[in-house]
Amino acid sequence: MNMEKSKVLIVGGTGYLGKRLVKASLAVGHQTYVLHRPEIGLDIEKIQMLFSFKEQGAHLVSGSLDHHQSLVNAVKLVDVVICAISGVHLRSHQILLQLKLVDAIKEAGNVKRFLPSEFGTDPAKMENAMEPGKITFDDKMKVRKAIEEGGIPFTYVSANCFAGYFVGGLCQPAQILPSKDSVVLLGDGNPPAIYVDEDDIAMYTIKAVDDPRTLNKTLYIRPSKNILSQRQVVETWEKLIGKELNKSSISKEEFLAIIKGQGYAEQVGLIHYYHVFYDGCLANFEIGNEGVEATQLYPEINYTAVEEYLKRYL
């Protein structure tokens with residue numbers, strides 16, 4: 001017997017990942033609600049995106065993280081809340097605004113599952129991260145603490161590296177298109193990282209919302225074909241273009257020196273790169289009892305492999 005699908009509210013639904021979550025939620029058949037601020041101003045692209053969601057069957061809900069009662073009213077409409085507001089300093093770091101959402105969920109009292117804005121490196125594994133990059137993980141852990149102390153059922157999603165930001169630029173910071181001539185390796189380029197197509201992240205997330213196996217767990221998205229070192233990503237691209245790239249490398253010490261000369265937001269992002277590509281922080285631990293792995297839970301999802309992802313740049 002098919003269980004009725006939960007009603008899902010997506011906060012941050014017009015953002016980079018949020019719009020994909022809305023699409024996936026509708027595709028799977030959830031009644032999908034998209035929170036939007038009452039004052040959108042002249043942001044015509046955002047307005048057009050919201051009307052596009054509405055045409056696809058989504059419900060638009062007016063509310064704001066700065067207006068408690070509007071949040072409570074929105075939360076009362078649904079069973080599951082997913083937040084996808086930005087946690088990237090180069091865009092806008094809004095993670096702690098979720099504490100207002102936690103308060104609204106506690107007051108509403110009806111939510112069966114909350115998925116906060118995580119989607120990257122598991123912050124619980126990053127207590128030894130370097131400053132100033134550590135702030136991202138510390139803030140996410142503050143939100144987790146509020147969720148758990150509030151007795152709110154949760155699923156945390158650790159999606160590792162967004163393919164759009166990492167695969168296209170061959171894992172080089174501040175590059176999103178692959179060169180056909182040269183590449184800079186971070187260190188020896190050998191620590192493994194994990195890359196996931198953003199549409200796949202959204203689909204695995206939506207699949208998890210009604211799954212009892214993901215309740216009060218961390219959902220790690222680790223597609224086996226996409227657990228690759230930077231050097232392996234480069235070799236995959238070289239095979240596709242039939243040409244070997246000229247390679248240089250940046251040592252750990254050189255990379256840290258470069259970081260010190262950057263602005264605050266750039267430093268935060270580059271510290272994350274450092275931990276991923278020099279320390280191998282994404283793949284250097286086993287998933288314990290507190291977590292589950294997405295591709296094992298949902299083998300029916302035909303995820304995008306790194307090689308397939310790179311073909312779009314040919």
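Just so it is clear, the values below take in all heavy atoms, side chains as well, and ignore hydrogens, waters and symmetry mates. Nothing here was measured: the structure is a model prediction, and the numbers come from that model.
- Between the side chain of Arg213 and the backbone N or O of Val292, no donor-acceptor pair lies under 3.5 Å.
- Atom NZ of Lys252 is separated from atom CG of Asp279 by 6.0 Å, given to the nearest 0.5 angstrom.
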* Let me see the working for Ser229 and Asn190 under side-chain hydrogen bond (donor to acceptor under 3.5 Å, both in side chains), right down to the final yes or no. => CA-CA 5 Å; Ser229 67; Asn190 288 329; 4.7 Å; no
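- Considering only heavy atoms from C-beta on, Val8 stays 4.5 Å or farther from Asp79 through its side chain.
- Side-chain contact between Val11 and Val81 is present, with at least one heavy-atom pair separated by less than 4.5 Å.
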* To do: In sequence, state the C-alpha distance, the side-chain angles, and the governing distance for Gln31 and Tyr33, and then conclude on side-chain hydrogen bond (donor to acceptor under 3.5 Å, both in side chains).
  => CA-CA 7 Å; Gln31 280 195 54; Tyr33 295 73; 3.3 Å; yes
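- Counting heavy-atom neighbours within 6.0 Å of Asn302 CG, excluding the residue itself, gives a total of 12 or less.
- Nearest heavy atoms, Arg222 versus Thr295: O-OG1, 3.8 Å.
- Relative orientation of the His272 and Phe137 rings is tilted, given thresholds of 30° and 60° on the angle between their planes.
- Taking every heavy atom of both residues into account, Tyr278 and Leu186 meet most closely at OH-CA, 3.6 Å.
- Considering NZ of Lys19 and NZ of Lys23, their distance stands at 10.5 Å, rounded to 0.5 Å.
- The two atoms that bring Cys83 and Phe114 nearest to each other are CB-CE1, 4.1 Å, heavy atoms only.
- A side-chain contact (heavy atoms from CB on, under 4.5 Å) with Ile271 is found for one member of Lys134, Met130, Glu266, Glu131 and no other, namely Met130.
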* Asked: Can Ser52 and Gln56 be said to form a side-chain hydrogen bond (donor to acceptor under 3.5 Å, both in side chains), step by step?
  -> CA-CA 6 Å; Ser52 171; Gln56 295 168 57; 2.9 Å; yes
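- Counting heavy-atom neighbours within 6.0 Å of Ile47 CD1, excluding the residue itself, gives a total above 12.
- When each of Arg144, Lys125, Lys140 is checked for a salt bridge (charged side-chain N to carboxylate O under 4.0 Å, His left out) with Glu118, only Arg144 meets the rule.
- No hydrogens or angles considered: nothing links the side chains of Glu238 and Thr236 as a donor-acceptor pair under 3.5 Å.
- For the pair Arg113 and Phe154, the cation-pi test (distance below 6.0 Å, angle within 45°) is failed.
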* To do: Take Thr32 and Ile10 through the test side chain to side chain contact (heavy atoms under 4.5 Å, CB included) and record every step on the way to the result.
  => CA-CA 8 Å; Thr32 304; Ile10 297 173; 4.1 Å; yes
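- Looking at heavy atoms from C-beta onward, Leu282 lies in side-chain contact with Cys161 at the 4.5 angstrom threshold.
- One finds the CG atom of Leu65 at 8.0 Å from the CD atom of Gln94 (value rounded to the nearest 0.5 Å).
- Side-chain N or O atoms of Gln230 include one that pairs as donor or acceptor with a backbone N or O of Leu170 at under 3.5 Å.
- Residues Val157 and Met141 are members of separate hydrophobic clusters, defined by side-chain heavy-atom contacts under 4.5 angstrom among Ile, Leu, Val, Met, Phe, Trp and Tyr.
- The 12-atom threshold is exceeded at CD of Gln69, counting heavy atoms of other residues, nucleotides or ligands nearer than 6.0 Å.
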* Check against salt bridge (charged side-chain N to carboxylate O under 4.0 Å, His left out), Asp199 and Arg20 -> CA-CA 6 Å; Asp199 290 326; Arg20 293 171 166 87; 3.2 Å; yes
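- Using a 4.5 Å heavy-atom threshold, the side chains of Phe166 and Gln172 count as separate.
- Using a 4.0 Å cut-off between charged side-chain N and carboxylate O, Lys225 and Glu307 make no salt bridge.
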Return a table of donor-acceptor pairs under 3.5 angstrom between the side chains of residues 98-106 and protein atoms on other chains or two or more places apart.
{"from": "Gln98", "atom 1": "OE1", "to": "Ser117", "atom 2": "N", "distance (Å)": "2.7"}
{"from": "Gln98", "atom 1": "NE2", "to": "Ile95", "atom 2": "O", "distance (Å)": "3.2"}
{"from": "Lys100", "atom 1": "NZ", "to": "Asp66", "atom 2": "OD1", "distance (Å)": "3.0"}

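- Atoms CG and CD1, on Leu115 and Ile206 in that order, are 8.0 Å from each other to the nearest 0.5 Å.
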* To do: Starting from the C-alpha separation in whole Å, work towards a yes-or-no answer on side-chain hydrogen bond (donor to acceptor under 3.5 Å, both in side chains) for Glu254 and Ser251.
  => CA-CA 5 Å; Glu254 289 170 324; Ser251 71; 3.3 Å; yes
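- When all heavy atoms of Gly57 and Leu26 are compared, the closest pair comes out as C-CD2, 3.9 Å.
- Follow the hydrophobic side-chain contacts under 4.5 Å out from Val183 and you reach Ile258 in the same cluster.
- Here Thr214 contributes atom OG1 and Leu219 contributes atom CG; the two are 6.5 Å apart, rounded to the nearest 0.5 Å.
- In terms of modelled atom types and a separation under 3.5 Å, the side chain of Asp197 and the main chain of Tyr303 share no donor-acceptor contact.
- Residues Ile152 and Leu215 do not share a hydrophobic cluster, clusters being chains of Ile/Leu/Val/Met/Phe/Trp/Tyr side chains in contact below 4.5 Å.
- The same ILVMFWY cluster, assembled from side-chain heavy atoms under 4.5 Å apart, contains both Tyr195 and Tyr273.
- Side-chain atoms of Lys46 and Arg37, non-hydrogen and from C-beta on, do get closer than 4.5 Å to each other.
- For Glu290, the CD atom is loosely surrounded, since the number of other residues' heavy atoms within 6.0 Å does not exceed 12.
- The closest side-chain heavy-atom distance from Glu300 to Lys207 is below 4.5 Å.
- The cluster map of Ile, Leu, Val, Met, Phe, Trp and Tyr, joined by side-chain heavy atoms under 4.5 Å apart, puts Met126 and Phe255 in different clusters.
- Between the side chain of Ser158 and the main chain of Gly120, a donor-acceptor pair closer than 3.5 Å is present.
- With a 4.5 Å cut-off on side-chain heavy atoms, Phe53 and Ser25 do not count as touching.
- Other members of the hydrophobic cluster containing Phe285, listed by chain and number, are Tyr220, Ile287; membership follows side-chain contacts under 4.5 Å among ILVMFWY residues, whether direct or relayed.
- Under the 3.5 Å distance criterion, the side-chain polar atoms of His30 are left unmatched by any main-chain donor or acceptor of Lys7.
- To the nearest 0.5 Å, the span separating CG on Leu314 from NZ on Lys180 amounts to 6.5 Å.
- Residues Val306 and Asn226 share a closest heavy-atom pair of N-OD1, 2.9 Å.
- Not a single donor-acceptor pair under 3.5 Å links the side chain of Asn160 to the backbone N or O of Val196.
- With salt bridges taken as basic N to acidic carboxylate O contacts below 4.0 Å, one links Asp181 and Lys243.
- Not a single donor-acceptor pair under 3.5 Å links the side chain of Asp210 to the backbone N or O of Lys5.
- When every heavy atom of Tyr156 is checked against every heavy atom of Pro116, the shortest pair comes out as CD2-CG, 3.6 Å.
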* To do: Could you walk me through whether Tyr165 and Tyr16 pass the ring pair (Phe, Tyr, Trp, His ring centres under 6.0 Å) test, one step at a time?
  => CA-CA 11 Å; Tyr165 280 95; Tyr16 183 68; 5.3 Å; yes
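- Using a 4.5 Å heavy-atom threshold, the side chains of Thr155 and Lys217 count as separate.
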